Amino acid sequence: MEGAMVQAEAAKGRGLGLSELAPRVVQSEIRAMTVESDRVGGVNLAQGVCDTEVPDVVAEGAIKAIRDGHNIYTRLDGIPRLRRAIAEKTERMQGLVVDPEREVLVTSGATGAFHAVAMALFDPGDEVLLFEPFYGYHVGTLRSLRVVPVAVELEGPDWKLNVDRVRAAITPKTRAVVVNTPSNPAGKIFTRAELEALAEVAREHDLFVLTDEIYEHFVYGDAKHVSPAVIEGMRERTIVMSGYSKTFSVTGWRIGYVIADAKWVGAIGYFHDLLYVCAPSPFQHGVADGIEQLGQTFYARLALEHEVKRTMILSALKDAGMTPHVPDGAYYVLASTAGLEHVLEGTNAAERSRSLLKKTGVAAVAGSAFFRAGKGEDLLRFCFAKKDEDLEEACRRLRGLR
Ligand code: PLP
């Protein structure tokens, strides 16, 4: 009798309920601050949404594609014209020769790229190194696949790579290192020398290097964007992920891509197909038009315009009494609020960002969102990819803090 009851209990299985991971999931600070900012009618410098103009050729290309009937699934690796355009611009700008038929996969944003890459390359329990401050989606995606993210600290204030820290973090379970250059949130650009040092470690320990280059065109001053894929001997083990969300201000279109050795692309494409089937067809056409028709002056102007915005926000943050880290790329500033205890309430970054929103109507993200627990509590992240009038208004409000 007792045995039958035990059997019946066992046959019931786990019943209704969330996965083991789900209850531990917390809403991202970025989304939380966006909601908060909208609620109080603030200027949102929290979310990395560039609200600058979409280039005409890109917008018109997508509209025309819809009218021309490009509204059905595309090949799982994307339309040939877009893959060719991506391969050509990669060769032109980085000197990396890429086969558009076998080594390019069009994805649902760089986010979809990262997810599919992680599914294709890693097993549960594998460890993957990321540099801190890190981009939360990288960490969250790895965790969602039961892959263990291991943070390796970059050394502030310039966020220098200390390769000894990388070596110290490697265990027999380590499979890859994630690079994000230019980075969110620090605006760090890995130098060629740093990438060469990292490449040596990757070769020595037979690791993949996953590189998220979504901000490749947002580079300021003398800084140069270098992809780990161009470092000698790195082509086979480097998976490049990038996209057009930021470059063409089309974050909602979901057009990204992977460039990798053909032997990895098949499996990455398989998992991307399971997740997304394909990237949206008309938007693939619009982005292909943009890459084909916009020349070097477009990219140079994009960087220059954002460099001006960077100067604006840095000056306002200093006037507000904060100490900003100067980013070499991307479009975020991490600024220290140390010394502002008398104006900003709260003992941690999440509380201070809410206090800042209350006092100035400017939303920023708590720096702690980009670090392991207990770190980044004096930092706030400000996004400056905003229309000039909105950024000017945010700067005016920030200056009023003191
Ligand atoms: N990677 C980084 C480092 C980002 O900061 C972002 C957006 O904020 C993304 C990827 C998202 O890119 P996509 O819109 O192509 O998915």
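Counting starts at 1 for both ligands and their atoms, following the listed order. What you see is a predicted model, and the numbers here were worked out from it, not measured in a lab.
- Within the 4.0 Å heavy-atom criterion, neither part of Tyr244 lies near ligand 1.
- Ligand-side atoms of ligand 1 in range of Tyr332: 8 (O), range being under 4.0 angstrom from any heavy atom.
- Applying the 4.0 Å criterion to heavy atoms of Ser245 picks out, from ligand 1, the atoms 13 (P), 14 (O), 15 (O).
- Between the side chain of Ser183 and the backbone N or O of Gly187, at least one donor-acceptor pair lies under 3.5 Å.
- Between Tyr331 and Phe218, the gap from one ring centroid to the other is short of 6.0 Å.
- Considering each of Tyr215, Phe134, Phe114, Tyr137, the one bringing a non-hydrogen atom nearest atom 5 (O) of ligand 1 is Tyr215.
- Of the polar atoms of Lys246, at least one N or O is found under 3.5 Å from an N or O of ligand 1, judged by distance alone.
- Within 6.0 Å of atom CD in Gln296, more than 12 heavy atoms from other residues, nucleotides or ligands are found, so the atom counts as buried in its surroundings.
- With a 4.0 Å cut-off on non-hydrogen atoms, Thr111 touches ligand 1 through its backbone as well as its side chain.
- For ligand 1, one of its N or O atoms has an N or O atom of Asn184 under 3.5 Å away.
- Taking every non-hydrogen atom of Asn180 and a distance limit under 4.0 Å, the qualifying atoms of ligand 1 come out as 3 (C).
- Residue Ala110 touches ligand 1 through backbone and side chain together, judged by heavy-atom distances below 4.0 Å.
- Salt bridge annotation for Glu132-Lys375: present, with a cationic side-chain nitrogen under 4.0 angstrom from a carboxylate oxygen.
- For the pair Lys188 and Phe190, the cation sits on the ring face: its NZ or CZ lies under 6.0 Å from the ring centre, inside 45° of the axis.
- Using a 4.0 Å heavy-atom cutoff, Trp253 is absent from the residues neighbouring ligand 1.
- Of the listed residues (Ile30, Asp212, Thr107, Thr181), the one carrying the non-hydrogen atom nearest atom 10 (C) of ligand 1 is Asp212.
- Checked against a 3.5 angstrom limit, the closest N/O atoms of Ser108 and ligand 1 fall outside it.
- Without hydrogens or angle criteria, Arg14 side chain to Leu18 main chain gives a donor-acceptor distance under 3.5 Å.
- Ring to ring, Tyr332 and Tyr215 are close: their centroids are under 6.0 angstrom apart.
- When heavy-atom distances to ligand 1 are checked against a 4.0 Å cut-off, Tyr331 has no atom that comes that close, whether in backbone or side chain.
- Not counting sequence neighbours, the partners of Thr337 by the side-chain hydrogen bond (donor to acceptor under 3.5 Å, both in side chains) test are Arg352.
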